[in-house]
Amino acid sequence: MAASRGSIHGEWSGRLMFVLAAIGSAVGLGNIWKFPYLAGQHGGGVFVLIYLAAVAVIGVPIMIAEIMIGRRGRGSPINSLRTLAVAEGRSARWGWLGGMGVATGFLILSYYSVIGGWTVAYALRTASGTFAQASSEAVSAAFNAFVGSPAALASWHTAFTLMTMFVVARGVRGGLERAARYMVPALFFILLLLVGFAAASGSFADGFTFLFAPDFARVSGAAILAALGQAFFSLSLGMGAIMAYGAYLPRNVSIAPAALQVAVADTVVALLAGLAIFPVIFANGLDPSVQSVALAFIALPLAFGQMPGGTVFGTLFFVLLVFAAWTSAISIIEPAVAHLVERWGMTRRRASLWAGAGVWLLGLGSVLSFNRWSEYTWFGRTFFEVVDFATSNVMLPLGGLLIALYAGWVMRREASADELALSPAGYATWRNVIRYLTPFAMLLVLLQVSGALRWLG
Ligand code: TRP
């Protein structure tokens, strides 16, 4: 019986470790520098409300679906999706959906690891006092020189890829779980320290207002789509990362409450990140609405550099980003590594080596797109931007749509009801949402119907 089998990759040592690992995956660069920026752009409190709705309506149901498929299939997303489909008398080609997820993971990690490298470099720079009392021009010039150097970016990209593959190579218990066990609590601790610093030395009221005061004039189709897309990316959905983590979940853990906890924690971190960042920006009279890259790597180093205690707290901010990016990165590549182990009988070390080599090579494209190749664009986008756009706006929503259809229509009621073990009302709610509402919302994202939605604004 499929239900009683374990995974060949091992299991989390318990419910808490799964929840921590999934939070580690979910809490990433997306929460800390993208969410606050998007909220600022799209009307503060209104965006936050739409985002909460998106997490509840799209995020949680799909997260439940991914964990459920993973735990029932017990393998890499490719194998889980294939095995369960065949068990339902459906096509083995559903495995291709897992294959698309693996490909998406390679693409996402290739650029995520470049930015991850920046966070490591900036943690060290801030710690060494580079930005203390530095002028605005000096901080911008330092950033431009940094991204203008292929050698610097390639070195930090290499370092971050090695850090990621080092953890993944050590396996579920010795690698993924251990990383989450230490880094996720540390991450919360650092974030609370930073919010405390912002409350004590920043313009907390201004930051709070900017983030939460609802500006209803800014509700637009674009805001809704941005919230849907961000909720999806932030919860690590649509490519099988959470599905792979679900495959290592012990049988006796209830899936829905665990998914809910992960979603709540991820959202809380995003909100706290805004409360840590904006008061510091306002206290220094800086512009809060710059793009997320400029916010994290120019405005914040500058702001911290002007403040007493800024070297320590600025360093903590970048260490926070490093931990967030690192525990996310390992989940982005886990489906690929699990697949290499299952399909080619590789050891985890060898599989990590190959996957890391692929990520590294692809990532060089993103490295160069900030300097040598910055002139080469496709529809106005550099290589980095094309990869980001194709994955976030096309491949992840498509993956999410197909995962929802799979969980709601391919898997029989008996199978999903057995795996979820919910109350009848809870199960009926989830099933209706995943069959109708979620696919509809994913289609909206996919079709980018911002024009058609404009009447809402
Ligand atoms: N959720 C992470 C963030 O907010 C990124 C991430 C990790 C991710 N795993 C993923 C995104 C899987 C999409 C799919 O930065």
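Each ligand, and each atom within it, is numbered from 1 in the order the structure gives.
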Out of all atoms in ligand 1, which are within 4.0 Å of some heavy atom of [X]? Include the element for each.
X      : result
Asn31  : 4 (O)
Ser234 : 1 (N), 4 (O)
Leu396 : 13 (C)
Ser331 : 7 (C), 9 (N)
Ser328 : 2 (C), 7 (C)

key: Ion pair check, Arg71 and Glu66, cut-off under 4.0 Å   =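 Looking at Arg71 and Glu66, the cut-off is not met.
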
Hydrogens and angles aside, do [X] and [Y] bring a side-chain donor and acceptor to less than 3.5 Å of each other?
X      : Y      : answer
Asn432 : Arg435 : no
Trp360 : Thr158 : yes
Thr104 : Thr391 : no
Glu177 : Ser13  : yes

Has ligand 1 got any nitrogen or oxygen that is less than 3.5 angstrom from a nitrogen or oxygen of [X]?
X      : result
Leu237 : no
Val27  : no
Ala26  : yes
Phe233 : yes

Please check if the side chain of [X] supplies one atom and the backbone of [Y] the other of a donor-acceptor pair under 3.5 Å.
X      : Y      : answer
Tyr112 : Leu29  : yes
Trp409 : Leu405 : no
Thr267 : Val55  : no

ask   = For Phe384, which of Phe389, Trp378, Tyr111 qualifies under ring-ring contact (aromatic ring centres under 6.0 Å, His included)?
value =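 With Phe384 as partner, ring-ring contact (aromatic ring centres under 6.0 Å, His included) holds for just one option, Tyr111.
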
For [atom], which protein heavy atom lies nearest, and how many Å away is it?
atom                    : value
atom 7 (C) of ligand 1  : Ser236 OG, 3.2 Å
atom 15 (O) of ligand 1 : Tyr112 OH, 2.7 Å
atom 14 (C) of ligand 1 : Met239 CG, 3.4 Å

The one among Leu235, Thr391, Ile332, Asp266 that brings a heavy atom closest to atom 9 (N) of ligand 1 =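 That would be Ile332.
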
